[in-house]
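Single-structure report; data block below.
The model shown is predicted, which means the values in this text are computed figures rather than measured ones.
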Amino acid sequence: QVQLVESGGGLVQAGGSLRLSCAASGRTFSSVTMGWFRQAPGKEREVVVGISMSGGATYYADSVKGRFTSSRDNVKDTVYLQMNSLKPEDTAAYYCAARRGSGIYVSPPQYAYWGQGTQVTVSS
């Protein structure tokens with residue numbers, strides 16, 4: 001089992017920045033692959049970034065490339081999502097997710113463990 005707790009969401013103006021954190025517990029953090037997803041009202045959950053076990057490899061959705069950066073600290077058992085140049089269309093609930101095994105995964109069904117989500121609202 002892996003327990004995930006996100007934090008750092010909030011309300012920000014367009015062009016601003018936020019940093020989300022996801023603290024993990026319950027299993028050796030370095031043995032799980034992580035991902036960030038988001039879901040806006042009425043829309044399907046979509047990948048933001050997938051992160052390998054070491055953090056050395058990442059996959060970013062085209063919509064966030066160049067604006068968002070994700071990293072993980074396998075000592076603090078935490079993964080981060082730095083979001084810059086935020087746009088109103090980035091407004092969504094953001095979730096971190098984890099699964100066992102190596103690789104990078106970008107589909108929600110591929111992940112077994114989910115946090116409760118944190119809301120990000122970007123005003124225009």
Side-chain angles (χ1 to χ4, degrees):
Q1 289 288 332
V2 178
Q3 292 78 44
L4 303 170
V5 179
E6 302 100 333
S7 61
L11 173 65
V12 64
Q13 289 188 331
S17 298
L18 281 175
R19 188 194 197 203
L20 305 184
S21 299
C22 174
S25 62
R27 186 177 177 90
T28 303
F29 184 65
S30 59
S31 69
V32 297
T33 297
M34 300 296 296
W36 284 98
F37 291 79
R38 66 186 182 185
Q39 188 166 20
K43 295 188 176 181
E44 293 187 353
R45 191 167 297 189
E46 63 177 9
V47 66
V48 176
V49 58
I51 313 150
S52 65
M53 286 194 294
S54 69
T58 52
Y59 166 90
Y60 289 93
D62 288 343
S63 58
V64 306
K65 280 181 182 176
R67 300 188 298 122
F68 290 12
T69 303
S70 188
S71 61
R72 62 187 292 168
D73 186 331
N74 286 351
V75 174
K76 294 183 177 180
D77 293 354
T78 302
V79 62
Y80 304 97
L81 182 65
Q82 178 66 43
M83 306 185 293
N84 298 327
S85 302
L86 283 161
K87 304 175 181 179
E89 51 264 44
D90 294 318
T91 295
Y94 283 71
Y95 300 87
C96 67
R99 60 159 288 155
R100 289 175 287 182
S102 60
I104 297 177
Y105 302 88
V106 299
S107 177
Q110 294 175 309
Y111 286 83
Y113 308 104
W114 292 85
Q116 83 288 351
T118 186
Q119 180 66 34
V120 171
T121 303
V122 184
S123 63
S124 58

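- Looking at S52, its side chain never comes within 3.5 Å of a backbone N or O of I104 through a donor-acceptor pair.
- For Q1, the CD atom sits in a loose shell: 12 or fewer heavy atoms of surrounding residues, nucleotides or ligands are nearer than 6.0 Å.
- Linking Ile, Leu, Val, Met, Phe, Trp and Tyr residues whenever their side-chain heavy atoms come within less than 4.5 Å leaves Y80 and V49 in two separate clusters.
- Nearest heavy atoms, P88 versus S124: CG-CB, 3.8 Å.
- Of the candidates Q82, M83, K87, K87 is the only one forming a side-chain contact (heavy atoms from CB on, under 4.5 Å) with R67.
- Transitive grouping of hydrophobic side chains (ILVMFWY, heavy atoms separated by less than 4.5 Å) keeps Y59 and L81 in distinct clusters.
- Considering CD of Q119 and CD of Q39, their distance stands at 10.5 Å, rounded to 0.5 Å.
- Contact annotation: the side chain of Y60 approaches that of T69 to within less than 4.5 Å [non-hydrogen atoms, C-beta and beyond].
- A distance of 13.0 Å separates CG of L4 from OH of Y95, quoted to the nearest 0.5 Å.
- Here the shortest heavy-atom pairing between V106 and V47 reads O-CB, 3.3 Å.
- The closest donor-acceptor contact from the side chain of T33 to the backbone of G101 lies under 3.5 Å.
- Contact detail for S63 and R38: the closest heavy-atom pair is OG-NH2, 3.3 Å.
- Atoms CZ and OH, on R99 and Y113 in that order, are 10.5 Å from each other to the nearest 0.5 Å.
- In this pair, Y94 and F68 present their aromatic rings tilted. The plane angle is within the 30 to 60° band.
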Determine all donor-acceptor pairs shorter than 3.5 Å in which one atom belongs to a side chain in residues 13-24; sequence neighbours excluded.
{"from": "S17", "atom 1": "OG", "to": "N84", "atom 2": "OD1", "distance (Å)": "2.9"}

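- Between R72 and N74, the shortest heavy-atom contact is NE-OD1, 2.9 Å.
- Judged as a salt bridge (charged side-chain N to carboxylate O under 4.0 Å, His left out), and not counting sequence neighbours, the contacts of K65 are D62.
- If you take OG on S31 and CE on M53, they are separated by 7.0 Å, rounding to the nearest 0.5 Å.
- Here the straight-line distance linking atom OG1 of T121 with atom CG of D90 works out to 11.0 Å at 0.5 Å rounding.
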